[in-house]
Amino acid sequence: MTAPAPQLPFERPNALELAPLLARLREEGPITRVTTPAGDPAWLVTRYEEARVVLGDTRFSRLRPDSEDAPRISESALHTRPAPTPEEEDREHTRMRRMLTPAFSAPRMRRLGGRIGELAASCLETMDEERSRDPERAVNLHDHLSFPLPVMVICELLGVPVADRDLLRGWSERIGALYDGADGAAAMAEFEAYVAAIAEEKRKKPGQDVISDILAVQAEDPSFTEGEMTRLAVGLLFAGHETTSARIDLGVLFLLSDTGRRDRFVADPEVLARATVEEVLRMSAPGGLGLTRYAREDVTVAGTAIARGEAVLVAINAANRDGRAFEGPDTFDPSRSPNAHLAFGYGGHYCIGNVLARTEMQVALTALFRRFPGLRLAVDARSLRDHSERLAGGLGEVPVLW
């Protein structure tokens with residue numbers, strides 16, 4: 001009798017390590033049959049080379065086919081929302097890259113570093129004030145830096161009121177929930193209505209922001225529908241802070257889980273920040289499902305036949321710790337070079353916001369340890385758990401003292 005396929009997400013006792021079952025499956029083979037959180041079958045890719053193959057192959061789509069028979073990944077609104085046709089998906093993606101590449105270019109993101117530094121300093125000031133009220137009580141780094149900084153930055157970039165960040169946080173958490181589809185769908189509807197209202201105001205009074213830029217393109221392109229515009233803006237708001245927030249938390253956790261590692265970083269954060277962030281990115285892919293793809297046609301990868309319409313989950317966190325691609329893959333080593341991790345994907349869908357995320361992480365870690373060089377965890381790092389019930393994962397709580 002065939003054993004049932006293991007169901008995602010796998011149990012992960014330590015937020016800084018891979019789920020033991022995920023590591024075991026990677027050693028057994030590059031592609032494994034699994035069961036999604038929604039209970040449907042899927043393929044799980046766990047090795048680096050095969051992950052690059054799938055992510056770089058245009059025969060795989062990012063979006064679930066519009067068919068009742070298509071495998072479901074989870075109940076998250078991001079997995080269940082209506083998908084465009086393959087032709088529409090390709091058209092939207094091409095337009096998105098052409099339209100947003102200038103807005104998220106490396107030079108522009110680097111120039112933004114000063115503003116990100118100002119926002120980080122403001123976050124740390126609030127964090128210090130919170131601690132001064134009760135010096136014996138730990139402060140949650142997530143609430144004071146890891147969450148507010150990325151959301152403030154993406155709000156400013158897109159032209160969304162920063163004062164609404166708690167609304168965005170609530171919607172993001174509900175939309176990303178793996179098991180509550182009805183509430184996630186309601187949150188998505190609220191989120192889309194919010195973005196539509198923002199867009200309507202910007203049509204009347206454009207600003208120097210990305211949503212205004214998107215609307216300017218839409219006004220000149222009759223094929224650019226309202227639904228496409230809303231999907232794009234919502235996607236930017238969601239993706240622009242969720243994973244960066246989780247990675248700042250995990251980056252701090254990596255540095256604080258080893259006093260010597262923290263002290264080396266504190267000694268020269270400006271010099272070490274870039275390489276440290278790359279290693280954090282390699283080792284801290286948040287979430288337990290990976291990147292989703294659907295086969296547009298029958299495909300064979302590493303000897304595994306994947307049928308048209310089947311779901312493929314690319315486990316970035318496992319691929320980034322594949323000993324076939326990285327020496328000492330489970331060792332946190334900021335001096336690692338080269339460090340060709342897959343934290344931002346690979347191929348045509350390589351994350352357009354990668355420079356922004358890197359800049360935010362570098363600024364956040366540098367500012368944090370410059371201001372609080374004696375920062376330490378208030379709990380054992382092994383007691384902190386990743387939110388496996390949410391699409392983007394993340395810790396939600398990093399109690400610190402100084």
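Starting from 1, each residue takes its place in the sequence as its number. Just so we're clear, the structure is a prediction, and the values are computed from it rather than from any experiment. Just the heavy atoms: all of them, side chains too, but no hydrogens, waters or symmetry mates, feed the values below.
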Please check if atom CZ in R97 has more than 12 non-hydrogen atoms from other residues, nucleotides or ligands closer than 6.0 Å.
yes

Count the heavy atoms of every other residue, nucleotide or ligand shown that sit under 6.0 Å from CZ of R33, and state whether that count exceeds 12.
yes

Listed by chain and number, what are the side-chain contact (heavy atoms from CB on, under 4.5 Å) partners of [X], not counting sequence neighbours?
{"X": "A120", "answer": "L149, V363, A367"}
{"X": "S335", "answer": "D333"}
{"X": "N354", "answer": "F344, Y350, R358"}

Any salt bridge linking [X] with [Y]? Criterion: basic side-chain nitrogen under 4.0 Å from a carboxylate oxygen.
{"X": "R47", "Y": "D322", "result": "no"}
{"X": "R24", "Y": "E28", "result": "yes"}
{"X": "R62", "Y": "D90", "result": "no"}
{"X": "R296", "Y": "E89", "result": "yes"}
{"X": "R336", "Y": "E279", "result": "yes"}
{"X": "D40", "Y": "R72", "result": "yes"}

Without hydrogens or angle criteria, can the side chains of H142 and D249 be said to hold a donor-acceptor pair below 3.5 Å?
yes

Testing the 3.5 Å rule here: is there a donor-acceptor pair between the side chains of S383 and D380?
no

OH (Y294) and CG (L313) are apart, to the nearest 0.5 Å, by 8.0 Å

P30 and V301, any side-chain heavy atoms less than 4.5 Å apart:
no

Would you name the heavy atoms of T366 and Q362 that are closest together and state the gap between them?
OG1-O, 2.8 Å

Indicate every side-chain donor-acceptor pair of residues 187-194 with a distance under 3.5 Å to a residue at least two apart or in another chain.
| residue | atom | partner | partner atom | Å |
| --- | --- | --- | --- | --- |
| E190 | OE1 | W171 | NE1 | 2.8 |
| E190 | OE1 | R174 | NH1 | 3.1 |
| E192 | OE2 | R81 | NH2 | 2.9 |
| Y194 | OH | D164 | OD2 | 2.7 |

Across all chains, not counting sequence neighbours, the side chain to side chain donor-acceptor pair (under 3.5 Å) partners of R137 are E130

Could you check R95, R203, E228 and say which one makes a side-chain hydrogen bond (donor to acceptor under 3.5 Å, both in side chains) with Q218?
R203

Per-pair distances, 0.1 Å, donor-acceptor, side chain in residues 150-158, under 3.5 Å, sequence neighbours excluded:
| residue | atom | partner | partner atom | Å |
| --- | --- | --- | --- | --- |
| E156 | OE1 | R115 | NE | 3.1 |
| E156 | OE2 | R115 | NE | 3.3 |
| E156 | OE2 | R115 | NH2 | 2.6 |

